[in-house]
J.: 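Once you've had a glance at the structure underneath, I'll fire off some questions.
Position 1 is the first residue of the sequence, and the numbers go up from there. Excluded from the calculations below are hydrogen atoms, water molecules and symmetry mates; all remaining heavy atoms, backbone and side chain alike, are included.
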Amino acid sequence: VKGLGERKIVEIANQVNVSGRISGEKFKIFDGTKDQPLNKVKRGFVDLNWYYQRSGQLNIRGQVGCLRQCSYCIDHLIKGRRAVQREINDIIMELEQLVENGIKHIHFTDAEVNLNLPYSKNLLRLIANSGLPKAGLNLYGHFQLKPFDEEYAKLLSNAGFVGVNFSTDHTD
């Protein structure tokens, strides 16, 4: 699956035959690079608590893809060369579902959370205002060193971010 996988995984499931293979195909790329993210995701399809107990955290995605083309990274090849942001209210709704299920450690799987700084700042403000951090929400994610200012650091803290990871490639 190249690009967004939400719609493509359904397409794959619909094409799989009884033997577990896609009829008549030895290899096929499912291209979701022009798809839009799903809205209003409901996180009840799998046993969230089983996964959470074994892994210690669940994940969420705010934006998919990357405009950067770092030679060591495959994100722009796999997820697409455009950054697609989800609706912030949908992210808040999804976070609320997770917290309601007792899941309080959540990792943002974005390439870098601050890839689009205005979007990210708005997201952080709305998470902070939602009351989720007061419910014990602990957020984690990967970030670029720049853009990253004091205001952004405060917004991260107010939104419940306790894990901010700068990869070593960002120090060059």
Side-chain angles (χ1 to χ4, degrees), residues 1-23 25 27-66 73-75 77-80 83-115 119-120 122-143 155-165 167:
V1 174
K2 185 176 180 180
L4 300 176
E6 291 100 342
R7 298 178 200 285
K8 294 302 167 191
I9 199 72
V10 174
E11 186 179 329
I12 292 168
N14 288 332
Q15 290 186 27
V16 172
N17 62 27
V18 178
S19 68
R21 298 182 183 267
I22 296 174
S23 301
E25 298 284 344
F27 180 80
K28 182 175 183 178
I29 293 176
F30 289 84
D31 189 353
T33 54
K34 293 189 172 127
D35 289 354
Q36 292 298 315
L38 292 177
N39 298 318
K40 307 205 180 344
V41 174
K42 299 209 176 4
R43 296 290 291 259
F45 182 71
V46 297
D47 186 346
L48 299 173
N49 288 310
W50 182 91
Y51 186 80
Y52 183 53
Q53 289 169 2
R54 284 157 182 78
S55 70
Q57 66 181 7
L58 287 183
N59 58 26
I60 194 165
R61 181 167 60 190
Q63 50 191 339
V64 182
C66 187
C73 183
I74 62 170
D75 272 7
L77 298 173
I78 293 175
K79 298 176 184 176
V84 179
Q85 289 82 30
R86 291 181 59 204
E87 292 292 328
I88 291 176
N89 289 332
D90 290 346
I91 297 168
I92 302 293
M93 182 189 78
E94 195 173 343
L95 286 169
E96 288 171 345
Q97 290 175 49
L98 293 171
V99 170
E100 286 170 9
N101 279 287
I103 295 157
K104 303 212 174 164
H105 297 86
I106 302 167
H107 178 82
F108 271 80
T109 60
D110 304 19
E112 280 105 6
V113 178
N114 59 336
L115 188 63
Y119 170 82
S120 185
N122 194 29
L123 171 64
L124 296 174
R125 285 184 191 100
L126 291 174
I127 292 172
N129 291 336
S130 72
L132 288 167
K134 291 179 183 170
L137 182 65
N138 295 283
L139 297 172
Y140 306 82
H142 296 272
F143 297 83
L155 288 169
L156 285 166
S157 178
N158 292 341
F161 268 86
V162 296
V164 175
N165 181 16
S167 300

J.: Under 4.5 Å between any side-chain heavy atoms of N158 and L124, yes or no?
T.: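 No, every pair of side-chain atoms sits at 4.5 Å or beyond.
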J.: From Q57 CD over to L98 CG, what is the distance, rounded to the nearest 0.5 angstrom?
T.: 11.5 Å
J.: Distance from L132 atom CG to I106 atom CD1, nearest 0.5 Å?
T.: 8.0 Å
J.: May I have the step-by-step check of side chain to side chain contact (heavy atoms under 4.5 Å, CB included) for I127 and L137, ending in yes or no?
T.: CA-CA 10 Å; I127 292 172; L137 182 65; 4.3 Å; yes
J.: So, using side-chain hydrogen bond (donor to acceptor under 3.5 Å, both in side chains) as the criterion, who are the partners of E94 when residues are at least two apart?
T.: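 Here the qualifying residues are R43, R86.
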J.: Of all heavy-atom pairs between A128 and P133, which one has the smallest distance, and what is that distance?
T.: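 In this case the closest contact between A128 and P133 is CA-CG, 4.1 Å.
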J.: Return the set of residues passing side-chain hydrogen bond (donor to acceptor under 3.5 Å, both in side chains) with H107 (not counting sequence neighbours), or none when no residue passes.
T.: none
J.: Considering residues at least two apart in sequence or located in another chain, which fulfil the side-chain hydrogen bond (donor to acceptor under 3.5 Å, both in side chains) criterion with D90?
T.: K40
J.: Can you list the residues that meet the side-chain hydrogen bond (donor to acceptor under 3.5 Å, both in side chains) rule with Y52, with sequence neighbours excluded?
T.: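 With sequence neighbours excluded, Y52 shows a side-chain hydrogen bond (donor to acceptor under 3.5 Å, both in side chains) to H105, given in chain and number order.
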J.: When rounded to the nearest 0.5 angstrom, what distance separates CG in N89 from CG in L126?
T.: 6.5 Å
J.: Output the distance between atom CG (L95) and atom CD1 (I60), rounded to the nearest 0.5 Å.
T.: 3.5 Å
J.: Would you give the length of the straight line joining atom CE of M93 to atom CD of Q97, rounded to the nearest 0.5 angstrom?
T.: 5.0 Å
J.: Not counting sequence neighbours, list each pair that qualifies as a salt bridge (Lys or Arg N to Asp or Glu O under 4.0 Å) and has a residue in residues 48-61.
T.: E6-R61
J.: Looking only at heavy atoms, what is the nearest atom pair of N138 and V162, with distance?
T.: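 Shortest heavy-atom contact: OD1-CG1, 3.5 Å.
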J.: Measure the spacing between CG of L58 and OG1 of T109 and express it to the nearest 0.5 Å.
T.: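 Rounded to the nearest 0.5 Å, the CG-OG1 separation comes out at 11.5 Å.
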J.: Applying ring-ring contact (aromatic ring centres under 6.0 Å, His included), can you list everything that pairs with F161, at least two apart in sequence or on another chain?
T.: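 Residues passing ring-ring contact (aromatic ring centres under 6.0 Å, His included) with F161: F108, F143.
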J.: Counting N and O atoms only, with roles assigned by atom type, does the side chain of N114 sit under 3.5 Å from a partner on the main chain of E112, one being a donor and the other an acceptor?
T.: no
J.: Kindly say whether G62 contributes a backbone atom to a donor-acceptor pair with the side chain of Q85 at under 3.5 angstrom?
T.: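 No, the answer is negative, given that no donor and acceptor are paired below the 3.5 Å cut-off.
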